[in-house]
Trainee: 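Sharing a structure with you now.
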Amino acid sequence: MCGLVGLVSHSPVNQDIYDALTVLQHRGQDAAGICTAEGRQLHMRRRNGLVRDVFEASHMMELTGNMGIGHVRYPTAGGAGSSEAQPFYVNSPFGICLGHNGNLTNASELALELAREDLRHLNTGSDSEVLLNVFAHELQKRSRGSLTPANIFHAVRRLHQRCRGGYAVVAMIVGGGVVAFRDPNGIRPLVIGQRKVAGGVEHIVASESVALDALGFELLRDVAAGEAIFIDTAGRLHTEQCAENVRHTPCIFEYVYFARPDSIIDEISVYKARLRMGEKLAGQILRDWPDHDIDVVVPVPDTSRTAAVTVAHQLGVKNREGFIKNRYIGRTFIMPGQQERRKSVRRKLNAIDLEFRDKNVLLVDDSIVRGTTSQQIIEMAREAGAKKVYFASAAPPVRYPNVYGIDMPAASELIAHGRTTEEVAELIGADRLIYQELDDLVDAVYYEKSHISGFDTSCFSSDYVTGDVTEAYLARIERERSDGAKAQRALKLTGAGRGY
C-alpha cells in the first residue's frame, strides 16, 4: 500500500505536494519521494523515512517547478532499501518519473520480457520499475518524438494489455504533463480534483480525497477503472477509457483499515462504511449471543473507533477509550517484519486501568491479520484488571494472501489460515472471538449509487478478481515475501549473512 499525488499548477508545487504526502502518510511510512519539473529540468528527492524526515528546507528549495508528483511507500514487492524509494525515473523517452500503488501479479514475466525483447534494464526488484519501463517502452514505440494525448493513451492501453494485478499510477513526463491511471478492476484508489485560482484552473490526482481537502481542491470524481488522465503543462485535462473488459471491483480492505475515515473512495464514505460495519457486527453479536455479559466496549485505536461506537450503541453498553496511543509510533500492521511489529505494539498503546478493572470488556478492532497486535492488546487488558476479555473483528477472518499491494503474502503467517474461530480465540487469548460475516461486510460497504461491480475480497474469500492468481504464484510470493525471506535479505544487506 502506498500514497500518490500528482499536480500541475500555475505556481510552485513543492509545498502542496509535501502537504499532500503528510496527509497520505498513513498509506506508507517506509520511504517518501517528490519529483518536480521546471521546464526541461527535473528535480528529485527520495529517501527512506517519514515525509517530515526526508524533506528539509534545503531540499524543498531545490524542488522547483509548477508540475510534480509525490509518493509515500509501504513495501510489498521488492525490499525496504532507499534504492526502491519512489518515484522511479527513466530518461527515455522524454524523461518520465513514476510512482505506483499496488502490485503486479506478472511482474517476473514482464521483467524477462523487458530485458529480452524491449532491451530495457531494470535496476531493482520493484514491480513499480517494471510498470515504468513498460509504459516508457510503449510510449517510445508510439510517439517517435511526438508527445500527444493520443500517444499517451495508446501507451496506457498497451500497458493494460501487458500488466496484470492491482495498480494505481501517477507519472510525470518532462515537458509534457502528469499522467494517472488505474487498473481495469480499479483495485487501488485514485481521485481527481480541481482548484480555481487567478490564473485559471489547477488539477490534482491523489490516492485519497483527504489530500484534496487539505489543499483546498474540489473533488471532481474518482478515476474510473481502466481510465487514464492526462494533465498537460498548460493545465488542460484529457481523459480516456483505455481498457477493455472493465469490471470495477475496488479492494474492500481500503474501507476496513487503510483509508482515512474522512476519505471518499469510489463515491463511498469510508466513515459511513465503518459505522455500518459496527451496526452489522452488533447485530451478529445480538443474534449469536443474546445473553452476553459485556460491560464496556473498548476500541483498538485508531481505525476501529468508528465501528466500536456503533457496536456499543446497538448493544446498549458503554463505549470507553481504554487505550491511549502514542502518536509518534507508526501503524503496526504496515511495519515490515514481525519482530518490528511485536516491539511496537506496547510502545504504541498504554491501557487506562480504570476502564478495565473488574469488567467484562469487548475489544473491537478493524481486523485480525497475523494476530500479533491482538494477542498483546488482550494481555494488556488482562494486566489492567479485566475479568473477561472478548474480541470482535469488524472484518471476517483473514485466511488468504493479498496479492494486490497489501503486505499479506504468506498464508502461513495469517493467524486464521486453516484455523477455526475457536482456535484463533485460544491463540490470541480471548475469552470469546466474534468475526464479521463476509456478506455483512460487503453490505456495510456497498453504496447503491456508486459505480462499482463489487469488491475484491480475496484475503477473506480467496476469490482473486484478476483471475490469474494460481497456487504456484501464491507459493512463490510466500517464498519471496514472507517475514522469513525479508529477514534473510536484511541479513545480506547488513553483511551479517557473510560473516562480517
Side-chain angles (χ1 to χ4, degrees), residues 256-257 274 277-325 332-333 338 341-342 345-346 348-399 413-438 440-441 460:
V256 171
Y257 175 78
R274 290 177 183 168
M277 289 178 208
E279 291 175 0
K280 296 286 187 180
L281 189 58
Q284 182 180 331
I285 292 170
L286 291 172
R287 286 194 308 272
D288 299 345
W289 191 16
D291 56 345
H292 71 81
D293 58 352
I294 299 166
D295 296 317
V296 63
V297 171
V298 173
V300 177
D302 284 317
T303 322
S304 65
R305 278 200 175 100
T306 311
V309 168
T310 315
V311 170
H313 178 74
Q314 298 285 100
L315 296 182
V317 300
K318 296 176 181 178
N319 178 67
R320 291 289 185 267
E321 292 290 337
F323 295 104
I324 299 301
K325 183 177 180 180
T332 310
F333 170 65
Q338 187 75 339
R341 295 184 198 101
R342 288 185 191 279
V345 173
R346 284 183 178 264
K348 184 173 72 170
L349 298 176
N350 188 48
I352 301 175
D353 290 10
L354 290 175
E355 298 299 345
F356 293 95
R357 191 173 300 143
D358 298 325
K359 295 176 184 175
N360 296 332
V361 180
L362 174 66
L363 302 178
V364 176
D365 207 352
D366 52 80
S367 58
I368 306 172
V369 181
R370 292 169 174 85
T372 307
T373 301
S374 307
Q375 184 181 46
Q376 293 190 51
I377 287 173
I378 289 169
E379 288 175 1
M380 292 169 68
R382 292 195 189 282
E383 290 168 5
K387 287 194 299 184
K388 292 182 180 178
V389 182
Y390 309 121
F391 205 95
S393 167
V398 177
R399 291 198 167 107
E413 293 172 358
L414 306 174
I415 194 168
H417 181 73
R419 294 189 176 99
T420 65
T421 299
E422 291 73 24
E423 288 170 335
V424 175
E426 184 175 354
L427 282 172
I428 65 175
D431 292 298
R432 187 173 186 134
L433 173 61
I434 303 99
Y435 277 114
Q436 182 94 268
E437 296 289 339
L438 181 55
D440 283 345
L441 176 62
F460 308 123

Trainee: Do Met277 and Thr306 have side-chain heavy atoms sitting under 4.5 Å apart?
Mentor: no
Trainee: Might you point out which heavy atoms bring Leu349 and Met380 nearest each other, and give the distance in Å?
Mentor: O-CE, 3.2 Å
Trainee: Quick one: side chain to side chain donor-acceptor pair (under 3.5 Å) partners of Asp440, sequence neighbours excluded?
Mentor: none
Trainee: Would you mind listing every ring-ring contact (aromatic ring centres under 6.0 Å, His included) that reaches into residues 293-323, with sequence neighbours excluded?
Mentor: Phe323-Phe356
Trainee: Which residue pairs pass the side chain to side chain donor-acceptor pair (under 3.5 Å) test with at least one member in residues 278-288, sequence neighbours excluded?
Mentor: none
Trainee: In chain order, what residues pass the side-chain contact (heavy atoms from CB on, under 4.5 Å) check against Glu426, with sequence neighbours excluded?
Mentor: none
Trainee: Leu427: which residues meet the side-chain contact (heavy atoms from CB on, under 4.5 Å) condition with it, sequence neighbours left out?
Mentor: Ile415, Arg419
Trainee: In Å and rounded to the nearest 0.5 Å, what is the CG to CG distance from Asp431 to Leu362?
Mentor: 11.5 Å
Trainee: Compare all side-chain heavy atoms of Asn319 with those of Pro299 and state whether any distance is below 4.5 angstrom.
Mentor: yes
Trainee: Show the nearest heavy-atom pair for residues Ile428 and Ile368, with the distance to one decimal.
Mentor: CD1-CD1, 4.3 Å
Trainee: Kindly write out the residues that satisfy side chain to side chain donor-acceptor pair (under 3.5 Å) with Arg305, not counting sequence neighbours, or none if the list is empty.
Mentor: Asp302, Glu321
Trainee: Determine the minimum heavy-atom distance between Val361 and Ala386, stating which atoms define it.
Mentor: CG2-CB, 4.1 Å
Trainee: Hey, what do you get for CH2 (Trp289) to CD1 (Ile294), rounding to the nearest 0.5 Å?
Mentor: 4.5 Å
Trainee: Can you give me the closest heavy-atom contact between Ala282 and Leu315, atom names plus distance?
Mentor: O-CD2, 4.0 Å
Trainee: Under 4.5 Å between any side-chain heavy atoms of Leu414 and Arg399, yes or no?
Mentor: no
Trainee: Output the distance between atom CD (Glu437) and atom CG (Leu281), rounded to the nearest 0.5 Å.
Mentor: 10.0 Å
Trainee: Main chain of Ala394, side chain of Gln436: is a donor-acceptor contact present, judged purely on distance under 3.5 Å?
Mentor: yes
Trainee: How would you list, by chain and number, every residue that makes a salt bridge (Lys or Arg N to Asp or Glu O under 4.0 Å) with Arg357, sequence neighbours excluded?
Mentor: Asp353
Trainee: If you look at every heavy atom in Leu441 and Pro396, which pair is closest and at what distance?
Mentor: CD2-CD, 3.5 Å
Trainee: Restricting to side chain to side chain donor-acceptor pair (under 3.5 Å), what partner residues turn up for Tyr390, sequence neighbours left out?
Mentor: Asp293
Trainee: Considering residues at least two apart in sequence or located in another chain, which fulfil the side-chain contact (heavy atoms from CB on, under 4.5 Å) criterion with Asp365?
Mentor: Val300, Ser304, Phe391
Trainee: Using the test salt bridge (Lys or Arg N to Asp or Glu O under 4.0 Å), find all partners of Glu383 that sit at least two apart in sequence or belong to another chain.
Mentor: Arg346
Trainee: Looking only at non-hydrogen atoms, find the nearest pair between Tyr435 and Ala416 and report the distance.
Mentor: OH-CB, 3.9 Å
Trainee: Please round to the nearest 0.5 Å and tell me the distance separating atom NZ of Lys387 and atom CG of Asn360.
Mentor: 5.0 Å
Trainee: Mind checking side-chain contact (heavy atoms from CB on, under 4.5 Å) for Arg320 and listing every partner two or more places apart, or none if nothing turns up?
Mentor: Val296, Lys318, Glu355
